[in-house]
2 protein chains.
Amino acid sequence: MPTSKDVAQAAGVAQSTVSYVLSGKRPISEKTRKKVEDAIEHLTYQPNAGARALASRRTRVIGLVIPFIPELHMASIMEFVSVIANTARRYDHDILLVTEDEGAAGLQRVVGQQICDGLILMQVEGDDERLPVVRSLKVPVVLIGIPHDPSGLVCIDADFEMAGKQCVQDLAAAGHDVICVLDWQREVVDRHVNYVERFRSGTNQAAESIGVKMLHLPGGTDRDVIADSVDKALAETTGTPAFIAPDGTVQDVLRRVLSSRGLTPGKDVSVIGSASPTLAELQPIPLSTIDLRPAEVSRRAVKIICDLLEADSQGPTESLELVPTVITHRSSTLRPPRGS
Amino acid sequence: MPTSKDVAQAAGVAQSTVSYVLSGKRPISEKTRKKVEDAIEHLTYQPNAGARALASRRTRVIGLVIPFIPELHMASIMEFVSVIANTARRYDHDILLVTEDEGAAGLQRVVGQQICDGLILMQVEGDDERLPVVRSLKVPVVLIGIPHDPSGLVCIDADFEMAGKQCVQDLAAAGHDVICVLDWQREVVDRHVNYVERFRSGTNQAAESIGVKMLHLPGGTDRDVIADSVDKALAETTGTPAFIAPDGTVQDVLRRVLSSRGLTPGKDVSVIGSASPTLAELQPIPLSTIDLRPAEVSRRAVKIICDLLEADSQGPTESLELVPTVITHRSSTLRPPRGS
DNA sequence: CCGCATCGTCGATACGCATCGACATATCGA
DNA sequence: TCGATATGTCGATGCGTATCGACGATGCGG
């Protein structure tokens, strides 16, 4: 493997000059730059990451802490991972996978060994056990998700409260007087993931100001539980009920239950879920969705951490960003009455 | 951040002694070892990865090249990623994400900059454009998937031929005389992923030796296409046809088509798919599956590359490992007649 | 024509660890 | 008792890059 010394020799300059050509931190004459660049190309030189990290105290690697809990919809997690990785590259950084298995110790390891310059944590829970460690780390950390106490932390997430409001407003406008939220799976709710509460708060606020009835019923993957919830919702109204099912797996079960009751989404009932456009379109009845903007959240998370790394100064050690959500109408919801 | 020099000072030994305590490459007296380990603990010392890489010419990082093509079932990809990451940790290695976006150039970058000691490539296609680059790299690379020309490459994959045989043998034993394979989605087939052919070869061999009729029909996500395939299969027999649908998305569509035809899997027809146990159990009629052992494939891939890295010597530069597949009976297949 | 700032380049050094040869001490056989 | 072998530790060096101070060359104004 060629080194910068080899390049220097080939170009007839000092090694430090090669370094300055690459970093641009000192003026270089056009002539010299050309010579060096030619030599680099000719030798197919690439700077050694280890040496660079050692000398500059920057690895240009960001640690990404991914949850692998089976209850979560893996496909949607991949969406985050994919966008984060690609965005990081755009900032000339790489992504190191940090598995949940290692727990908080893993964070200390990758930071302590200086494998990473900073961290992105996905799926942050309300009372996450890793928070004390995160606060103690002396590198930038961006959380995707909002813990109960976000003080001293940099967080970003979809605006779940807004999402709740939008769903309710939308369904109310379509004429529903009873709106039923089927919760996330037990496993998610029990982890006290903060967004469950934020979403609920949004729905309730909107419902109160509009004057529709909200039902919060258990979700989960158990067909009987969902069936029970559906029946309860039906019993509450003489009109057509509306269902909000944020969780992808819950949507699947709901779909089957409705079908067995002879209810067609978009005709006899309305259903809004959260899903990627691709997935939503693939369903038998294309699903109207509340888009939680995973790609945008991911992009911003990377931008935030890269800005913090750039700044070098400890920057704002606390911030909270909420990404606006978007409703997309497809076929699973009723259309609002004409002229309203 | 404390360095090994700090540790040495605190323990009253030379820096090199600290290094030998950590690596175990030279005998150390119990007394000295204790002093050093105490100092390490007291200072919470962790070796600097960059310096270590520079001196040892080993980063202990493996690059994982992930496909993000939307047609693929992301959930199953996550299964690979998760197991690979965790297994790598067990070998004291970390995983760096290399996105497909960068293409072959990305491989040259992470290897050239020596960010990685080796690579694992997922979803290798029959005629993968990255193969020339892979062959030219001077670091170990393990491919998950078998290209058309595996010479000079280290490959591992599920034994799709065995999988095909198992499915056919199993369905034939259950009394089916017509067995229909619904292909993967067009996008997958068109990429010339080798496993499509290997699977087909397995089914055909088994069908021939047993004497049942095989139908290979188009799969995909289009309902009409699947419906057409189902009708064709029905027309071929007066008995009960069997369907094999390896692709997860195809399974979903097939399920709906069968239901609309009034056909119940496990009663009127048999269906075998490939899916994780969790997913299979979740379906309305638990799906009998052919398990392609993603976790085992992942584990072995990591083991192979770590062995190669350990060996240091270029090791066997060519190898091909096939992981045996497993059939699991659930409710979507007929039971073989008693006493047979 | 001289002093001074600017531009462009060089040499030297530090970064933190692994590793090699050297050396001191302890252990053993003859 | 003495040399030979193990055993345990140290000092020195190199890995490849970034960066700092220094220095020669050039251009400027006075």
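Only heavy atoms go into these numbers, but all of them, side chains included; no hydrogens, no water, no symmetry mates. First the proteins, then the strands, lettered A, B, ... as listed; each starts at 1. Nothing here was measured: the structure is a model prediction, and the numbers come from that model.
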Could you tell me how far apart [X] ([atom1]) and [N] ([atom2]) are, to the nearest whole angstrom?
X: B:Glu30; N: D:dG8; atom1: CD; atom2: C1'; value: 13 Å
X: B:Met1; N: C:dC17; atom1: CE; atom2: C1'; value: 16 Å
X: A:Ile115; N: C:dC17; atom1: CD1; atom2: P; value: 13 Å
X: A:Lys25; N: C:dG8; atom1: NZ; atom2: C1'; value: 18 Å
X: A:Arg26; N: C:dG11; atom1: CZ; atom2: P; value: 14 Å
X: A:Arg52; N: C:dG16; atom1: CZ; atom2: C1'; value: 18 Å
X: B:Ile28; N: C:dT19; atom1: CD1; atom2: C1'; value: 13 Å
X: B:Lys5; N: C:dC17; atom1: NZ; atom2: P; value: 10 Å

Describe the nucleic acid contact of A:Val13 in one word from base, sugar-phosphate, nothing, applying a heavy-atom distance below 4.0 Å. sugar-phosphate
For A:Ser29, which contact category applies under a 4.0 Å heavy-atom criterion: base, sugar-phosphate, or nothing? sugar-phosphate
Report the nucleotide, chosen from [options], that has the shortest atom-to-atom distance to any side-chain atom of [X].
X: A:Thr17; options: C:dC10, D:dT7, D:dC15; result: C:dC10
X: B:Leu54; options: D:dT17, C:dG16, C:dC7; result: C:dG16
X: A:Ala14; options: C:dG11, D:dA12, C:dC17; result: C:dG11
X: A:Gln15; options: C:dC10, D:dA18, C:dA18; result: D:dA18
X: A:Ala55; options: D:dG16, C:dG11, D:dA12; result: D:dG16
X: B:Pro47; options: D:dG16, D:dT19, C:dC17; result: C:dC17

Notebook entry, point to check: Given side chains that start at C-beta, do those of B:Asp307 and B:Pro140 come closer than 4.5 Å, heavy atoms only?
Noted result: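 No, every pair of side-chain atoms sits at 4.5 Å or beyond.
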Residues 41-56 of chain A vs salt bridge (Lys or Arg N to Asp or Glu O under 4.0 Å), sequence neighbours excluded, gives none
Next item on the list: Indicate whether OP1 or OP2 belonging to D:dG16 is found under 4.0 Å from a side-chain N or O atom of A:Thr3.
Entry: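 False: A:Thr3 side-chain N/O out of range (4.0 Å or more) of D:dG16 OP1/OP2.
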key: Phosphate contact (D:dT17 OP1 or OP2) by A:Ser4 side-chain N/O below 4.0 Å   = yes
Open item on the list: Could you check whether atom CD of B:Gln108 has more than 12 heavy atoms from other residues, nucleotides or ligands sitting under 6.0 Å from it?
Closed with: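 Yes, enclosed.
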Taking A:Asp159 for its side chain and A:Leu322 for its backbone only, find out whether a donor-acceptor pair lies under 3.5 Å.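 Not at all, since once roles are kept as given, no pair shorter than 3.5 Å links the two residues.
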For this session: State plainly whether the residues A:Glu30 and A:Lys34 are in salt-bridge range, i.e. N to O under 4.0 Å.
Result: no
**OP:** Hey, which sits more toward the 5' end of DNA chain C by its nearest nucleotide, B:Ser16 or B:Ala51?
**Re:**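 Looking at the nearest nucleotide for each, B:Ala51 comes out on the 5' side.
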Heavy-atom nearest nucleotide on DNA chain C taken for A:Lys31 and for B:Leu22; more 5' hit belongs to A:Lys31
First of B:Arg57 and A:Tyr20 reached from the 5' end of DNA chain D, by closest nucleotide: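 Nearer the 5' end of the strand: B:Arg57.
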(Q) Could you measure the distance from the CZ atom of B:Arg90 to the CG atom of B:Asp92? Nearest 0.5 Å is fine. (A)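 Reported to 0.5 Å precision, the distance equals 12.5 Å.
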